[in-house]
Novice: 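Below is one structure. I have some questions about it.
Numbers here are sequence positions counted from 1. These values consider heavy atoms only, across backbone and side chains, with no hydrogens, waters or symmetry-generated copies.
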Amino acid sequence: MAILQKSATKNFGILTAGGDCPGLNAAIRGVCRAAYDRYGMTIVGVANGYRGLIEENVRSLRPVDFSGILTRGGTILGASREKPFKPSSGDGEDVIEKVEAIRENYRKLKLDCLVVLGGNGTNTTGYRLSQEGLNVVGLPKTIDNDIVGTDRTFGFFSALSIGTEAIDRLHSTAQSHSRVIVIELMGHKAGWLALYAGVAGGGDVILIPEIPYDIKAIGKHLLERSRSGKTFSIVVAAEGALSLEETKMDKKDRKKCRAGFPSIAYRLAGEITAETGMETRATVLGYMQRGGVPSAADRVLATSLGTAAADLLARGEYGRMVALTGNDISSVDLSVPAGKVKTVPPDHQMIDTAISVGTCMGV
Ligand code: F6P
């Protein structure tokens, strides 16, 4: 048994919130194994994100709980999108009650710190709880890769592999039927997943929210491909992609313009057929991108971030989010990701890379 190292943290809570992703259990394992084996900390597992802390839905985590979960998809703790600071009724009374319940249970459970694994919303809530006096350490998790303060989030590379494999599969069926196939990827308000999977899968058109598309430019590109003898095309669209026309609309009109289409891919397929006369189909990859075994890269990142979080706990460095900076694991103040979304900068080199290999970015 290794000699335990000193730790400012004796007992902490851990929760996973927001959309799940491959790598969450690897990160839980990283935090807990380092905290328990190296520092002798005790661990309280909080169920279903912040909702579990409000309801005191918790259990003690022992080595048997966080061993053997490295390759398991999802989260052994469960997740929710509970947002304690978001009023569900007009007077915000519920916010006061929820935050009070969290503060009370944090005290009752004798937590020295709360470790939160999540996306923008989760880390923003973590930051606001730290402003309320709780000790919080955040880990950046999401397939969207849209968290400010870290160069990458675990979940992203796993979803990228899933999206790329799907695009590969669509090539053969599009070619067999001389069709245009639109595949829609997740990413919420950012285009990272569609951009990277589009480059990895050789998408002919890549549409991301950051570059509103012109259907005429897309049509011209597809017709030129057809005239050059390419009998099929693959259009990779981020779920948040929007047209130039939509950028000029208010929220109500934008909603109207999307009504009747379950997803952007179906509307786009119709617009492409109308514009080019080409036979077009749509596929929405959806929650496949959130499931299954984490990629090797995500396992390494999740484990590294997890053990780094345990070290922050041991040093009593609270109010921070562990992060990847270049190839190094670091940490940033929780205020850095709070309330922000990291979108693809228009001059990002991956956009130029896509264009360099003949990809149409919708303009
Ligand atoms: O944030 C991850 C994500 O998968 C987004 O890409 C997507 O828009 C959203 O979650 C879906 O949310 P839910 O799981 O609540 O349907």
Novice: Using modelled atom types and a 3.5 Å cut-off, is there a donor and acceptor pairing between side-chain atoms of Arg320 and backbone atoms of Ser331?
Specialist: yes
Novice: Is there a donor-acceptor contact under 3.5 Å from the side chain of Glu239 to the main chain of Ile264?
Specialist: no
Novice: How far does CZ of Arg179 sit from OG1 of Thr173, to the nearest 0.5 angstrom?
Specialist: 6.5 Å
Novice: Considering only heavy atoms from C-beta outward, does the side chain of Asn135 approach that of Tyr106 to under 4.5 Å?
Specialist: yes
Novice: Quick one: pull up CZ in Arg290 and OG in Ser158 and give me the separation to the nearest 0.5 Å.
Specialist: 13.0 Å
Novice: Among side-chain atoms of Glu271 and Tyr213, is any donor-acceptor pair under 3.5 angstrom?
Specialist: yes
Novice: Determine the minimum heavy-atom distance between Val332 and Gly149, stating which atoms define it.
Specialist: CG1-O, 3.8 Å
Novice: So does Ser304 get a backbone contact from the side chain of Thr307, meaning a donor-acceptor N/O pair under 3.5 Å?
Specialist: yes
Novice: List the atom of Pro84, the atom of Tyr50, and the distance in Å for their closest heavy-atom pair.
Specialist: CG-CB, 3.9 Å
Novice: Check the surroundings of atom CE in Met288: do more than 12 heavy atoms from other residues, nucleotides or ligands lie under 6.0 Å from it?
Specialist: no
Novice: Is it true that Asp65 and Arg62 make a salt bridge, defined as a side-chain N closer than 4.0 Å to a carboxylate O?
Specialist: no
Novice: Between Thr42 and Tyr36, is any pair of side-chain heavy atoms under 4.5 Å apart?
Specialist: no
Novice: Measure the NE2-CD distance between His177 and Glu279 for me, rounded to the nearest 0.5 Å.
Specialist: 8.5 Å
Novice: Does the Asn123 side chain pair with the main chain of Gly118, one donor and one acceptor, at a distance under 3.5 Å?
Specialist: yes
Novice: Where is the tightest heavy-atom contact between Cys21 and Lys141, given as atom of each residue plus distance?
Specialist: SG-CG, 3.5 Å
Novice: Verify side-chain contact (heavy atoms from CB on, under 4.5 Å) between Thr125 and Val116, making sure each step is shown before the conclusion.
Specialist: CA-CA 9 Å; Thr125 300; Val116 299; over 6 Å; no
Novice: Does the side chain of Val148 come within less than 4.5 Å of Lys342's, by heavy atoms?
Specialist: yes
Novice: Verify the distance criterion only: is there a donor paired with an acceptor across the side chains of Thr153 and Thr142 at less than 3.5 Å?
Specialist: no
Novice: Can you confirm whether more than 12 heavy atoms, excluding those of Lys340, are under 6.0 Å from its NZ atom?
Specialist: yes
Novice: Any side-chain heavy atom of Arg299 sitting closer than 4.5 Å to one from Leu70?
Specialist: yes
Novice: Do you know which of Leu15, Leu61, Ile14, Val58 makes side-chain contact (heavy atoms from CB on, under 4.5 Å) with Val44?
Specialist: Val58
Novice: Answer yes or no: is there an ion pair linking Glu165 with Arg169, defined by an N-O contact shorter than 4.0 Å?
Specialist: yes
Novice: Show, in sequence, the C-alpha distance, side-chain angles and deciding distance for Leu160 and Ile143, and conclude whether the side-chain contact (heavy atoms from CB on, under 4.5 Å) test is met.
Specialist: CA-CA 8 Å; Leu160 174 58; Ile143 66 167; over 6 Å; no
Novice: When rounded to the nearest 0.5 angstrom, what distance separates CG in Leu129 from CG in Leu53?
Specialist: 8.0 Å
Novice: Any chance you could lay out the side-chain contact (heavy atoms from CB on, under 4.5 Å) test for Phe156 and Ile147, step after step, and finish with the verdict?
Specialist: CA-CA 11 Å; Phe156 176 62; Ile147 298 181; over 6 Å; no
Novice: Heavy atoms, side chains only, cut-off 4.5 Å: are Glu132 and Arg128 in contact?
Specialist: no
Novice: Taking atom CZ of Phe154 and atom CG of Leu324, what is their separation to the nearest 0.5 Å?
Specialist: 12.0 Å
Novice: What is the minimum heavy-atom distance between Ile167 and Ala197, and which atoms define it?
Specialist: CD1-O, 3.4 Å
Novice: Apply side-chain contact (heavy atoms from CB on, under 4.5 Å) to residues Asn25 and Ile28 and explain how you reach the verdict.
Specialist: CA-CA 5 Å; Asn25 284 323; Ile28 293 168; 3.7 Å; yes
Novice: Is it the case that over 12 heavy atoms from other parts of the model lie below 6.0 angstrom from the NZ atom of Lys108?
Specialist: no
Novice: Any idea which heavy atoms bring Ala314 and Ser7 closest together, and the distance?
Specialist: CA-OG, 3.4 Å
Novice: Decide, yes or no, whether a salt bridge links Arg152 with Asp298 under the criterion of side-chain N to carboxylate O below 4.0 Å.
Specialist: yes
Novice: Got a sec: does the NZ of Lys86 have more than 12 other heavy atoms crowding it under 6.0 Å?
Specialist: no
Novice: Can you see whether Ser243 engages Glu246 through a side-chain donor-acceptor pair at a distance of less than 3.5 angstrom?
Specialist: yes
Novice: Go through the side-chain N and O atoms of Ser335 and Asp333 and say whether any donor and acceptor fall under 3.5 Å apart.
Specialist: yes
Novice: A cation-pi test, strictly: NZ or CZ of Arg258 under 6.0 Å from the centre of the six-membered ring of Tyr266 and no more than 45 degrees from its axis. Yes or no?
Specialist: no
Novice: Between Tyr39 and Asp311, do the side chains contain an N or O donor and an N or O acceptor separated by less than 3.5 Å?
Specialist: yes
Novice: Check whether any side-chain heavy atom of Ile208 sits under 4.5 Å from a side-chain heavy atom of Trp192, and report yes or no.
Specialist: no
Novice: Please give me the minimum heavy-atom distance between Ala27 and Leu139, naming the atom from each residue.
Specialist: CB-CD2, 4.1 Å
Novice: Would you please say whether a donor-acceptor pair under 3.5 Å links the side chains of Thr9 and Asp112?
Specialist: no
Novice: Working to the nearest 0.5 Å, report the span between CG of Asn48 and CD of Glu55.
Specialist: 7.5 Å
Novice: Side chains of Met321 and Val336: does their closest heavy-atom pair fall under 4.5 Å?
Specialist: no
Novice: For residues Asp146 and Thr343, determine if any side-chain heavy atom of one lies less than 4.5 Å from a side-chain heavy atom of the other.
Specialist: no
